Amino acid sequence: MTAEIIAKGVCYQYAQDKSLALIDINLAINKGEFVAIIGPNGSGKSTLAKLLNGIFAPTKGEIYVDGLNTANQEDIWKVRQKAGMVFQNPDNQIVATVVEEDVAFGPENLGIQPAEIRNRVRQALEAVELTEYAHKAPHLLSGGQKQRVAIAGILAMKPQCIILDEPTAMLDPVGRKEVIKTVKKLNREEGKTIVLITHFMDEAVMADRVLVMSKGRLVMEGTPRQVFSRVEKLKSIGLDVPQVTELAHQLKRAGVEIRPDLLTVEEMVDFLCQLL
Amino acid sequence: MSIVVRNLTHIYMPGTPFESIAIKDINWEIADGEFWGLIGHTGSGKSTLIQHLNGLLKPTSGEIIIDGENLHARGARMKEIRQKVGLVFQYPEHQLFEETVERDVAFGPKNMGLPEDEVAKRVKEAIELVGLPYDAVKDKSPFELSGGQMRRVAIAGVLAMNPEVLILDEPTAGLDPLGRDEIIEEIVALRKKRNITVILVSHSMEDIARLVDKIAVMHRGKMIKQGSSREIFRDYRGLTSVGLGIPQITELMMKLREKGKDVACDILTVEEARTEILKAIRRKGSA
């Protein structure tokens, strides 16, 4: 597999701050990989996301997206076209008064031919399952639908990678499910590389790999199983684990012989059925 | 302080082409000191309902009775009642506006016309009640604080009015797990200290399960269910059919039960689940 995004010794300092927001970040995200980034507020997750598609340039070190250096101003539009970004608040990302026009905004700005734009908008809306809403006004949609419109807008620019910065933080359970289902589908069926920043551990569990950030550093990484089995460590940096993992941890401490890396309800049910 | 909602209906923009029924025929009784969770997916009418409880919205029909007094009767003391029912909106930190934390929290009690020393006393109390160090934060700009801290300052602004009922709309949305736990612990501490009535609106079934005593479920403008947390979360299928869920831990116990295992399934927290499973293991061991 080839790496799609590479960070080498990346540091970032906001102009008004004395301390570094990111300290010596090294990572490689492969093509088609689904990576989740978790960490407490202020740990540098969102800053990192903004560096990955060139909204900020590193103070020190380098970031490459598909071989392009994000600090190179001449390539910045190519970088952003390759790595599209979806933000937390759906209401801040919608620019047009009709869904299909909103989705067309990105490709229009890339100077794409009208016929091709139509094509892309149709495909993007199909991918997020909002075809029947093409002519609706975005403000009448639910939070989850709006966030899917935002994703469609990114898709229409044909990126290889989609970075999502807490896309479900403002949504209700149904909206969260819709968005996560869409993200998974884009990864599995369309082969998009996904970088998902989230506070919800049950979302991080679905990734191929989880990166944990704390105080500007990358402090842990591994498969969800490897990461979430370290309950004490995660709690010490102010993070949660899924309830099922917490239960496994507590049962183990009570002397029950149990794998500490159970992640889902189904796994726990299977395990307990053998025991009880 | 008790609240009775009787046959409450609210229609937005009645008599226009945009007319829509937001909530319909709601009946709800909240006794003094109770802790309620209000759940329902976006657009189910939760926000419309809670805005009636302190008179921000006027019912199209039906009534709100607070401590025996009809909120919309002629001559009702609306202003006093409003001060007794504190409403913390979603993302309340967006409503901070003063130059210092102290002045922001003082805004409410000042407008109540309280004497200065009383305002100062309440501001200090409220800031400490939400777990912030008064001396360290009082002269700071609220905008220098972290997201979780800003939210606590906003909540302090409501608490400084000494409400007897506190309504919180999604108080933990967008916070990290630590920030979430801090807010939750403060709500618990607050109830102990002041014994106030609390209504918590939340999408987090885990938070609802570990905090509240009773739950009201909204769906398409109607209140479709009310009961104790255990009763409500027992109805997994019913809740999922209206776009809601149950805590992961409750789901686990239900599935064990479905597989014929002898465990209680009205479990709300990880600790309860652990105790229940350990009991089952022991039973099996001694059988």
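These figures come from a predicted structure and were not determined experimentally. The chains referred to below are lettered A, B, ... by the order of the sequence lines, with proteins before strands, and numbering in each begins at 1.
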Determine yes or no for a side-chain-to-main-chain donor-acceptor pair under 3.5 angstrom, with Gln248(B) supplying the side chain and Gln243(A) the backbone.
yes
Pro177(B) and Gly238(A): which non-hydrogen atoms are nearest, and at how many Å?
CB-O, 3.7 Å
Contact class of Leu171(A) relative to chain B, heavy atoms under 4.5 angstrom:
backbone
Residue among Leu256(B), Leu178(B), Ile249(B) with most heavy-atom pairs under 4.5 Å to chain A:
Ile249(B)
Less than 4.5 Å to any heavy atom of chain B: does that hold for the side chain of Val256(A), its backbone, both, or neither?
side chain
Do you know the tightest heavy-atom contact between Gly243(B) and Pro173(A)?
O-CB, 4.1 Å
So which of Thr264(A), Thr198(A), Leu251(A) has the biggest tally of heavy-atom pairs under 4.5 Å with chain B?
Leu251(A)
Side chain to side chain, Asp240(A) and Arg180(B), heavy atoms closer than 4.5 Å
yes
Under 4.5 Å, heavy atom to heavy atom: which of residues 35-44 of chain B reach chain A? Give them by number, or say none.
His41(B), Thr42(B)
Give, for atom NE2 of His203(B) and atom CG of Asp172(A), the distance between the pair rounded to the nearest 0.5 Å.
4.5 Å
Taking every heavy atom of Glu246(A) against every heavy atom of Val270(B), the minimum-distance pair comes out as CG-CG1, 3.5 Å
For chain B, which residues of residues 265-274 of chain A have heavy atoms nearer than 4.5 angstrom
Val265(A), Glu266(A), Met268(A), Val269(A), Leu272(A), Cys273(A)
